[in-house]
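Dropping a structure here in structure tokens format, bear with me for questions.
To find a chain, count down the sequence lines: A is the first, B the second, and so on, and within it residues start at 1. In this text, all values refer to a predicted model and were calculated from it rather than measured experimentally.
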Amino acid sequence: MREKIIDALQSALKQARQKGQLRTDSLPAVTLDLPKRPEWGDLASTVAMSLASSEQRSPQDVARIILENVDQREVLFDRVEIAHPGFLNMTVKRALWLEVLPQIEEQGEAYGRADFGKGRRVLVEYVSANPTGPLHVGHGRGAAVGQAISNLLAAAGYDVLKEYYINDAGRQMKLLGASVYARYQELCGRPASFPEEGYRGAYIETVAGHVRDRVGTTLLDSPADQAEQRCRDQAYEELLGLIRQDLRLFGIEFDSWFSEASLASSGGVEQVLEELRKRDLLFEQDGALWFRSSAFGDEKDRVVRKQEGEYTYLASDIAYHRDKLRRGYDLLIDVWGADHHGYIPRMEAVVQAYGYPKDRLRVVLVQMVNLMRGGRKVEMSKRAGEFITMRELIDEVGADATKFFFLMRRSDTHLDFDLELAKQQSAENPVYYVQYAHARISSLFRVAEERGIPVPKPRETDLDVLTHPDEFGLIRKLSAYPSVVHASAAALEPHRITFYLQELAGLLHTFYFKHRIMPPAADLEAPDAERFVKDADASTRQREQVTPGLTAARLTLMRQVQRVIRNGLGLLGVSAPDRM
RNA sequence: GCGCCCGUAGCUCAGUUGGAUAGAGCCCCAGCCUUCUAAGCUGGUUGUCGCAGGUUCGAUUCCUGCCGGGCGCACCA
């Protein structure tokens, strides 16, 4: 539907140019907006205004020219007006709007998908938490955002790979091993000094206990290095397992788990740095090895190998991103905690250092989550080991609500997560509000089936009986869905879907309340429908009579609303229940 | 000090490449279930879009300065 209008305007522009009425040689992309007020029609375009300055004539003149060149005006529009200062306000033919319904039905799951990704390959990396402990709430938000962005890009026609980068090398892992080893010794009755910056969570003791279960006290007699290594391996395996389990519970999936250690062990770091050296982007100073990142806009150069000869974290990250680039992705997306934002210029420098454009990498920042209970912030301190894990959060409020809440705000703004609200089963809870809309529609079809009310295909239904403004409100909203998905994917902003779904659900609930889809059950037994119509004053609710034709058409409409809600929730990774 | 992000209704936030009279939810108040799911609906109140300039036919949106908040400025990860 929208495509038809856009095409029509676009060819009008072309025609006008051919006739010499417009002189610009670059025609702008035609976009359609939803006007705020009904008297402005049901679609609006601002092309004329955006062309006005380059044409050096008034927006109204340009609008008039465009309008003159629209073929088939009578077929497409009931009315087109030029409004001040140059809006094209269009009232589209009813038949065109109605066409949206069979389209959704036919496209089904694919409705809303686009192909602007054109099969380009994108790698989305997210979560990537160190396997040194359970996932916390912040990781959860990153997981929800990363997954939703992946889904969006897939819907936009990209070929998506979801990857988890396992930081299984370096100091943190050593500390982890040392922490477990210390606890292990304590469990075995030998006093041990705990590493200063070690991991103090209770799960460390659990792991230590498992080590002892497996090997008894034999590690006490092994050299400390070996013993620590053993503890580290055990901890790694267990904690990564926990992370995987939590993610599975949360409904987050990855196609690929990439190990940092595998880079180092395969000599990848040296090799990759050698490439930089050849490009004269590495230099030695003060006994350390530096990456000339300032050549690409970073504020200063960065150390990749310390004086002591150890590689920095950046070195692995260079190797990792080099690897991702080498794997041939057209776009890399990194989902990071917002506290790493200072790292962005560095990584952009890396991408450019290897000869790729800066925008080959897009970093999505995810801000902190404040858990709120009863209007008060739940204090968390990582130092004291007092933080709510992702697992606890999911156990308390459920995976669906958790994801939805994480995706309700732009990811780069702080999020206040109201635990009580997320659990509440009421209209105040946006998750249930949207899911309930879906469940209500499912229920309609169950009832229809029970009563033997036919549910024909849209193409076999006379949709022309849909004339009520509320019906068109829904249809218009449905028709906007693909452009919402498109914009959301292009901006890497899943929250737009969340907002859209709340609006659509709102329209559905209002519609459901105000209108009848099927005749009341009582009519079947006692077909004196009058009693439902007589005292229409008592309530505005559902007093209208419906003919079988209207029932069929409205069921069709409901079917498509349900479809779009399901597709939208699917993008967010939230389930669309049939019963609640 | 330098850099990045943010500042929109009492609260939490949207605001679609710069568009028309800036929206939603929460909170508060008053109503609505004999019917297809009340996990729902209807109505009511709310704004110097942080401040001051600039660009523009038009600015919440772009630019500059200032104020306020957050984060980052490691040979940590």
Quiz item: Is a side-chain donor or acceptor of A:R451 paired with a backbone partner of A:I453 at a separation under 3.5 angstrom?
Solution: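 No: the side chain of A:R451 does not pair with the backbone of A:I453.
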Self-check item: Contact list for RNA chain B against residues 483-511 of chain A - heavy-atom distance below 4.0 Å
Solution: A:H495, A:R496, A:F499, A:H509, A:T510
Self-check item: Euclidean distance, atom CG of residue A:D33 to atom P of B:A20 [Å, nearest integer]
Solution: 9 Å
Practice problem: Using a heavy-atom cut-off of under 4.0 Å over every strand shown, decide if A:R171 touches base, sugar-phosphate, or nothing. | Solution: sugar-phosphate
Exercise. Stems involving RNA chain B: give each as a range paired with a range, ordered by first number, where a stem means at least three consecutive Watson-Crick or G-U wobble pairs under 3.5 Å.
Key: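 In RNA chain B, stems of three or more pairs: B:1-7 with B:67-73, B:10-13 with B:23-26, B:28-32 with B:40-44, B:50-54 with B:62-66.
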Quiz item: Looking for any heavy atom pair under 4.0 Å, which part of the strands does A:A439 touch: base, sugar-phosphate only, or nothing?
Solution: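 It contacts base atoms.
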Quiz item: Reckon A:D298 touches a base, only the sugar-phosphate, or nothing at all at heavy-atom distances under 4.0 Å?
Solution: nothing
Enumerate the protein-to-nucleotides 2-7 of chain B contacts in which both atoms are nitrogen or oxygen and the separation is below 3.5 Å.
residue, atom, partner, partner atom, Å
B:G3, N2, A:H341, NE2, 3.2
B:C6, OP1, A:R410, NH2, 3.4

Is there any protein nitrogen or oxygen under 3.5 Å from a nitrogen or oxygen in nucleotides 45-47 of chain B, and what are the pairs?
none

Exercise. Classify the nucleic acid contact of A:D317 as base, sugar-phosphate or nothing, counting any heavy atom under 4.0 Å across all strands shown.
Key: nothing
Practice problem: Look at all strands and tell whether A:D418 reaches a base, only sugar-phosphate, or nothing, counting heavy atoms closer than 4.0 Å. | Solution: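 No contact.
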N/O contacts under 3.5 Å, protein versus nucleotides 54-64 of chain B?
none

Practice problem: Scan residues 549-556 of chain A against RNA chain B and write down, sorted by residue number, each residue with any heavy atom closer than 4.0 Å; if none is found, say none. | Solution: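 Going residue by residue through residues 549-556 of chain A, none turns out to have a heavy atom under 4.0 Å of RNA chain B.
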